[in-house]
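Naming convention: chains lettered A, B, ... in sequence-line order (proteins, then strands); numbering from 1 in each chain.
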Amino acid sequence: MEVGLGEYLALATILFGTGAIGFLIRQNMLIQLMCIELMLNSVNVALVATNRFYPDNHAGQIFSFFVIAVAAAEAAVGLAIVIAFYRLKKTVETDEADLLRH
Amino acid sequence: MSSWIHVAPLVLLVGGGLFIMLADVFAKERPELATVTSVALGVSGCVSLAALVSGVAPQTPAFLTSYLAVDKMALFFDVVICTGAALSTLLAGGYLREHGYERGEFYVLTLFSAFGAMVLARSVDLLSLFVGLETMSLGVYALVAFRRASARAVEGAMKYFLLGSFAAAILLFGSALLYAATGHTDYAGIAEGIAAGADPRLVLAGMLLVVVGLTFKVSAVPFHMWTPDAYEGAMTPATTFMSVAVKAAAFAVFLRVLVVAFGDPMSMSEASGWPPALAALAALSMVYGNFAAVSQQNIKRMLAYSSIAHAGYVLVGVVAVFRVGDEAISAVLFYLLAYTVSNALALGSLILMGSKGREAVSYDDLRGVGRRHPMAALPFVIGVLSLMGFPPTAGFFGKYYVFNAAVHSGGGMVWLALLGVLSSAVGAYYYLRVIVVMFMKEPEKGQVLAVPMRSGYVVTALSIAGLAVMELGLMPGWFLDLAVQAAQQLVA
């Protein structure tokens, strides 16, 4: 069976949806960070797969390298914020973040 | 021959950032990092302004590699972003010392973040959009969390970080879908692909996700939840930077994407394209932002909701692009410049009115400040009047041009302009309320009084911002002309 672009995009969409739903329903910051990583990686699947169907340049593959690099930088900042939060609250649950209300 | 001008503003910021990182480590005495930073930003902004005025700016849009544009709009946004960042740095120079947070990271983060913002405003490819957006945002997340021992700051940073990265992921997935549909990641290529008959379902889904991701960054309703928390949690100089530079850069790329990539008849259709969707967001932002600001007790939170309302006003101009093109774009550019100096003036004088342990944050803190310290209160009054849109200040002409563009678009846009005017009347209530509290209320007995700080940095920043607000309000023509040139080049 020939696997077309549609199948790859469907896979990417399922992964992205899983990440997005996980991000929205979970309260644990670490899990939410993982969900964001899952969403970014689903984008990589879509980019790399798409590049196979437009082979005249490597835009998709180059893009995916940048996504990987930026995801790492984002995780570094994110984990730093998680640690700062944990030091103050002794938890990483986001529903404990309730100081800023009006 | 004039190619150095294309990279000079960016190189200055990166060079300045690297220099400060070294200077902060190796300098024996406390170096005046705020001066170095604001000079780097100021020179960078002046180079761009000089290029715009002197005609060194390319007459036809040029490209620095295929990812970054060199055109008048990029230079105009250099001026806006550098002005905002330089003012925030000067404010930080006074604030950090007064409150004992003097650490070099603040300036480095601001410089790199402003660099990201300028890359974002130049981006002509989804790749440079993403990289610029993240370079800018990662710096700002760290700026919000700068006071890492403060629960409020860390909480604000956490909310901003989580929602911001979520939005970036959404934007990225939209980019991948657009690439899958058209085979291109540059805006012009996407437009060609759409014209050549790309799968309309993929294009529509991609466009929707990209627009949602960008509305997060400009903090339009319903994607505004992080704004009040991040603005309140951050130190006031960081709030200034977020509310002016970040917002301006996000709107710059918004304009580029909408005009260049989605300028075709299908994407701009009034039935199923972006204009009706963005018009709805604009209306919601104006109404919600203004009404929510009324009930706030904290001035920074009030200004956060007011910035949501301002995002709504700017979006009115963005939507009007589909009918009147360059007129609306130039109105948006002028508005962003006016908002930058006005908001920096208002937040800056909030800094000036407080000192260590006696910060002015709530309405109660400001009771009677206007009578006790009139010189400290004066810039706040000018800034707030400009945010309100009171003539002859910068804000008045900003609003005037935007609503004028909307009226010229005709049809439903006239109603949107009318809604904008009505909701800014609500805005006048809470802006004037601050002035009333400052000049006509007496502090309660036993209340800790806010005492103005003394700082040459803050005074310098406020003088520059105040002059700019009055200059733009009394003689808007000069900067409007630059904005019109930039806009004409973008749509040409």
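With values rounded to the nearest 0.5 angstrom, B:Lys159 atom NZ is found 8.5 Å from A:Phe85 atom CZ. Considering CD of B:Glu155 and CD of A:Glu96, their distance stands at 10.0 Å, rounded to 0.5 Å.
Shown here for A:Leu88 and B:Ala151, the closest heavy-atom pair between the two residues is CD1-CA, 3.7 Å. What you find for B:Ala180 and A:Thr50 is that their closest heavy atoms are CA-CG2, 3.3 Å. Taking every heavy atom of both residues into account, A:Ala59 and B:Thr185 meet most closely at CB-OG1, 4.2 Å. The shortest heavy-atom contact between A:Ala97 and B:Met158 is CB-CE, 3.6 Å. When all heavy atoms are compared, the tightest approach of B:Leu162 to A:Gln32 is CD1-OE1, 3.3 Å.
Here the side chain of B:Tyr141 pairs no donor or acceptor atom with the backbone of A:Val77 at under 3.5 angstrom. In this structure, the side chain of A:Glu74 does not engage the main chain of B:Ser165 through any donor-acceptor pair within 3.5 Å.
Residue A:Val82 does not touch chain B at all, counting heavy-atom pairs closer than 4.5 Å. For chain A, the nearby part of B:Ser150 is the backbone; its heavy atoms alone come within less than 4.5 Å. Contacts of B:Ile170 with chain A are made by both backbone and side-chain atoms, with heavy-atom separations under 4.5 Å. Interface residue B:Ala181: only backbone heavy atoms are found under 4.5 Å from chain A. Looking at A:Ala69, neither its backbone nor its side chain comes within 4.5 Å of chain B, counting heavy atoms on both sides. In this structure, no portion of A:Ala71 lies under 4.5 Å from any heavy atom of chain B. Contact annotation for A:Ile81: both backbone and side-chain heavy atoms come within less than 4.5 Å of a heavy atom of chain B. Both the backbone and the side chain of A:Thr13 come within less than 4.5 Å of a heavy atom of chain B.
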Could you go through A:Tyr86 and B:Val154, starting from their C-alpha distance and side-chain angles, then the distance that decides it, and tell me whether this counts as side-chain contact (heavy atoms from CB on, under 4.5 Å)? CA-CA 10 Å; A:Tyr86 181 80; B:Val154 172; over 6 Å; no

Does the pair B:Tyr179 and A:Val43 meet the rule for a side-chain contact (heavy atoms from CB on, under 4.5 Å), with working shown? CA-CA 11 Å; B:Tyr179 175 50; A:Val43 173; over 6 Å; no

Go through the steps for B:Leu202 and A:Leu9 under the test side-chain contact (heavy atoms from CB on, under 4.5 Å), then give the verdict. CA-CA 10 Å; B:Leu202 273 182; A:Leu9 288 184; 4.0 Å; yes

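Side-chain atoms of B:Thr135 and A:Val70, non-hydrogen and from C-beta on, never get closer than 4.5 Å to each other. Side-chain contact between B:Thr182 and A:Tyr54: absent, with no pair of heavy atoms (C-beta onward) separated by less than 4.5 Å.
Surrounding CZ of B:Arg433 are more than 12 heavy atoms belonging to other residues, nucleotides or ligands, all under 6.0 Å away. For A:Arg52, the CZ atom sits in a loose shell: 12 or fewer heavy atoms of surrounding residues, nucleotides or ligands are nearer than 6.0 Å.
Of the residues considered (B:Ala176, B:Ala292, B:Gly183), B:Gly183 shows the highest number of contacts with chain A, using heavy-atom pairs under 4.5 Å. Interface check for chain B: of the options A:Leu5, A:Asn51, A:Leu33, A:Leu40, the most heavy-atom pairs under 4.5 Å are formed by A:Asn51. With chain B as the partner, the residue from A:Ala46, A:Cys35, A:Gly60, A:Ala80 showing the most heavy-atom pairs under 4.5 Å is A:Gly60. Among the candidates B:Asp125, B:Leu177, B:Leu126, the residue making the largest number of heavy-atom pairs closer than 4.5 Å to chain A is B:Leu126. Taking chain B as the reference chain and counting heavy-atom pairs below 4.5 Å, the highest number among A:Phe53, A:Phe63, A:Tyr8 is found for A:Phe63.
The aromatic rings of B:Phe173 and A:Phe16 lie parallel to each other, their planes meeting at an angle below 30°, with 60° marking the opposite boundary. Note: B:Phe166 and A:Phe23 have parallel aromatic rings, judged against thresholds of 30 and 60 degrees for the angle between ring planes.
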